[in-house]
2 protein chains.
Amino acid sequence: MYYLDHFASGTDIGMENGMKTGIERRGWTQNPEAVKQDILSVAISEFASNGLSGARVDTIASRTRTSKRMIYYYFGDKLGLYTRALEAAYLKVREGEAALNLDHLPPEEALTRLVAFTFDHHKKNPDFIRMVMIENIHNAENLAASQVIRDMNMAAIEKLATICRRGEEEGVFRKGLDPVALHWQISAASFFNVSNRPTFSAIFGAGLFGDDAQECIRRQTVESILAIAAKSRVEPKITDRRSGCDVADAGD
Amino acid sequence: MYYLDHFASGTDIGMENGMKTGIERRGWTQNPEAVKQDILSVAISEFASNGLSGARVDTIASRTRTSKRMIYYYFGDKLGLYTRALEAAYLKVREGEAALNLDHLPPEEALTRLVAFTFDHHKKNPDFIRMVMIENIHNAENLAASQVIRDMNMAAIEKLATICRRGEEEGVFRKGLDPVALHWQISAASFFNVSNRPTFSAIFGAGLFGDDAQECIRRQTVESILAIAAKSRVEPKITDRRSGCDVADAGD
DNA sequence: AGCAAAATGATCGAGATAGTACATTTGGCC
DNA sequence: GGCCAAATGTACTATCTCGATCATTTTGCT
């Protein structure tokens with residue numbers, strides 16, 4: 001099986017064998033990079049659909065323009081392929097996030113956009129969400145081994161930290177905000193909205209995933225996050241010095 | 001392999017072979033119910049740990065006081081066992097929830113307790129959470145087939161609906177609150193907190209899962225939910241009639 | 001052109017795994 | 001006690017699945 005030169009630079013990964021790509025056919029040649037990318041994109045889809053144990057190397061191979069031989073040649077074994085696929089999925093998603101530049105916006109506006117963006121972005125990348133779900137099932141053992149992924153996420157936090165700091169300085173956000181905790185809140189809503197859609201729909205119907213209801217949920221999410229970040233409208237009676245959280249009666 | 005009479009009524013599922021149970025040994029006998037329960041509890045643990053494809057029937061069998069033969073005898077095949085295990089996991093968790101009686105409390109207090117309870121309860125039942133995660137990976141195909149589970153969840157919503165209605169009537173909650181949407185918000189935080197702990201910890205460290213930080217997150221969650229339910233302190237400029245949500249600028 | 005290393009093709013094997021066949025024991029009932 | 005159906009034990013197999021082996025082609029380089 002052969003590849004067009006620079007096939008890897010094509011964006012339409014899912015095309016059929018023999019489809020035009022818009023790239024000139026200037027002879028055919030070995031193309032290791034394209035082979036790897038081809039394998040990875042198929043692997044992401046397959047692992048995301050069926051999980052680590054559920055995915056079949058043979059199935060991945062057959063959906064590839066290359067052979068199983070190549071999978072083992074480049075990735076060693078199934079777990080190696082999985083790990084690289086996980087990294088690739090992260091990379092692709094973080095790329096999308098990198099385009100978001102919020103530095104010129106006022107902090108509240110920046111945070112609003114960040115939350116809304118994350119919500120939408122997760123929704124547009126279900127395979128990524130599923131990869132993370134699967135990784136959680138496996139106790140993040142493979143992710144823990146990937147320095148690449150940790151670095152990328154720390155970068156994401158930096159962005160949020162910057163917003164928090166600016167907000168504090170301008171006096172619109174409360175002091176001592178923990179960017180990681182805020183990220184947790186943002187992720188919880190955005191992630192759950194995709195990850196648990198199947199069971200939620202099965203039980204309560206698809207209503208919450210229609211356009212109107214999703215719009216509503218997204219807005220609620222944005223507002224909740226902003227409320228957490230904002231200086232409390234009502235002065236808290238006690239402030240927990242350790243975590244910067246308002247301490248109020250929360251039952252039990 | 002033989003069973004004590006009424007062994008199924010014992011609460012300590014995880015005990016070793018031959019351990020005392022507090023139940024008098026009054027002879028040994030066939031005990032189909034105990035066998036089924038034994039298999040199910042092992043199955044939940046195994047499926048929760050390794051997923052549907054990752055779980056091994058032989059492993060389940062070996063951790064059971066009975067044999068693989070019995071698994072197929074009572075549950076037909078692996079998928080049958082999985083489905084029953086899923087139901088059993090739901091049942092166990094909903095049982096815990098049923099004990100919660102909130103009808104005598106004022107709506108805000110009831111909602112506060114419900115949220116806090118859900119947060120804690122999910123945390124105490126990671127196997128259940130993992131089963132749901134796995135079911136989501138499989139697009140809820142098996143859950144969809146289980147009427148039992150749908151019924152139980154509808155019951156849970158009823159509880160929330162009652163609180164919402166009372167809150168509306170007493171004028172402390174906004175009108176047109178959607179109990180399912182509220183349930184979504186509660187679940188998102190409570191579920192994510194358990195489901196994504198491994199990846200989150202791997203990336204950002206375990207800090208957020210220490211007692212102090214968890215306390216803080218739980219409180220933030222409670223407050224966010226209450227804020228959503230409460231009548232807005234600031235009158236909304238526009239109200240979306242379809243969903244009952246405030247419409248404000250939420251960015252793109 | 002010729003050579004060595006990288007890349008790829010075709011086929012096969014070992015072990016794991018779900019599920020089964022057959023035999024045996026137990027327990028309620030007469 | 002004897003009988004039959006439910007329950008359980010033992011051993012086996014067909015198949016699926018990962019991974020390896022051996023052979024061949026392509027390519028960069030001199």
Side-chain angles (χ1 to χ4, degrees), chain A residues 1-8 17 25-40 42-43 45-47 49-85 134 138 142, chain B residues 1-8 17 25-40 42-43 46-47 49-86 134 138 142:
Chain A
M1 193 62 65
Y2 304 101
Y3 286 80
L4 297 177
D5 276 337
H6 302 115
F7 171 76
N17 221 339
R25 172 181 288 252
R26 45 184 177 110
W28 38 269
T29 162
Q30 290 179 341
N31 196 340
E33 277 314 307
V35 171
K36 285 189 226 175
Q37 283 308 119
D38 184 19
I39 292 173
L40 279 179
V42 174
S45 156
E46 174 73 3
F47 281 122
S49 295
N50 305 336
L52 174 47
S53 338
R56 299 288 163 240
V57 177
D58 290 280
T59 303
I60 294 175
S62 72
R63 296 199 182 148
T64 284
R65 278 175 223 83
T66 181
S67 66
K68 185 161 69 157
R69 177 70 182 75
M70 289 295 95
I71 293 176
Y72 287 97
Y73 184 65
Y74 285 120
F75 302 99
D77 58 8
K78 190 184 183 181
L79 194 61
L81 176 59
Y82 170 79
T83 305
R84 297 286 303 278
I134 288 159
H138 292 276
N142 307 286
Chain B
M1 192 62 62
Y2 304 101
Y3 286 79
L4 298 176
D5 275 338
H6 302 115
F7 172 74
N17 222 336
R25 172 180 290 251
R26 46 183 175 114
W28 40 269
T29 163
Q30 288 180 343
N31 196 339
E33 277 315 306
V35 171
K36 285 189 226 174
Q37 283 309 118
D38 183 19
I39 293 173
L40 279 179
V42 174
E46 174 73 3
F47 281 123
S49 295
N50 305 326
L52 174 49
S53 339
R56 300 289 162 238
V57 177
D58 289 282
T59 303
I60 295 174
S62 73
R63 296 197 182 148
T64 284
R65 281 175 222 82
T66 181
S67 67
K68 184 161 70 158
R69 177 68 182 76
M70 288 295 95
I71 293 177
Y72 288 97
Y73 184 65
Y74 285 120
F75 301 99
D77 58 10
K78 189 183 184 182
L79 195 62
L81 176 59
Y82 169 79
T83 305
R84 297 285 305 275
L86 184 64
I134 288 160
H138 292 278
N142 308 285

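Order of the sequence lines fixes the chain letters, A, B, ..., with proteins taken first and strands second; residue numbering starts at 1 for each chain. What's counted below: heavy atoms across the whole structure, side chains too, no hydrogens, waters or symmetry copies. Treat the numbers as computed from the prediction; the structure is a model and nothing was measured.
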For this session: Measure the CG-CD1 distance between Leu40(B) and Ile71(B) for me, rounded to the nearest 0.5 Å.
Result: 10.0 Å
For this session: With rounding to the nearest 0.5 Å, note down the distance linking OG1 in Thr64(A) to CE in Met70(A).
Result: 11.5 Å
Seminar exercise, completed: A correct 5'-to-3' footprint of nucleotides 12-22 of chain C, with B, S and - meaning base, sugar-phosphate only and no protein heavy atom under 4.0 Å, is -----SBBBBB
For this session: Scan for side-chain hydrogen bond (donor to acceptor under 3.5 Å, both in side chains) pairs involving residues 50-62 of chain B, sequence neighbours excluded, and state none if there are none.
Result: Glu46(B)-Asn50(B), Asp58(B)-Lys68(B)
Problem set entry | Heavy-atom pair of closest approach, residues Tyr72(B) and Lys78(B) | CE2-N, 4.4 Å
Exercise. Is there a side-chain polar atom (N or O) of Ser67(A) under 4.0 Å from OP1 or OP2 of dT8(C)?
Worked result: no
Exercise. OG1 of Thr66(B) to OH of Tyr74(B): how many Å apart, nearest 0.5 Å?
Worked result: 8.0 Å
Exercise. What is the distance from CD of Glu33(A) to C1' of dA6(C), rounded to the nearest Å?
Worked result: 13 Å
Exercise. Looking across every strand, which nucleic acid part, if any, lies under 4.0 Å from Phe75(A) by heavy atom: base, sugar-phosphate, or nothing?
Worked result: nothing
Problem set entry | Met70(B) CE - dT25(C) P separation (whole Å) | 15 Å
Seminar exercise, completed: CZ of Phe75(A) to CD1 of Ile60(A), rounded to nearest 0.5 Å, is 10.0 Å
For this session: Return no unless some side-chain N or O of Tyr73(B) is found under 4.0 Å from OP1 or OP2 of dG9(D).
Result: no
Problem set entry | Phosphate contact (dG9(D) OP1 or OP2) by Thr66(B) side-chain N/O below 4.0 Å | yes
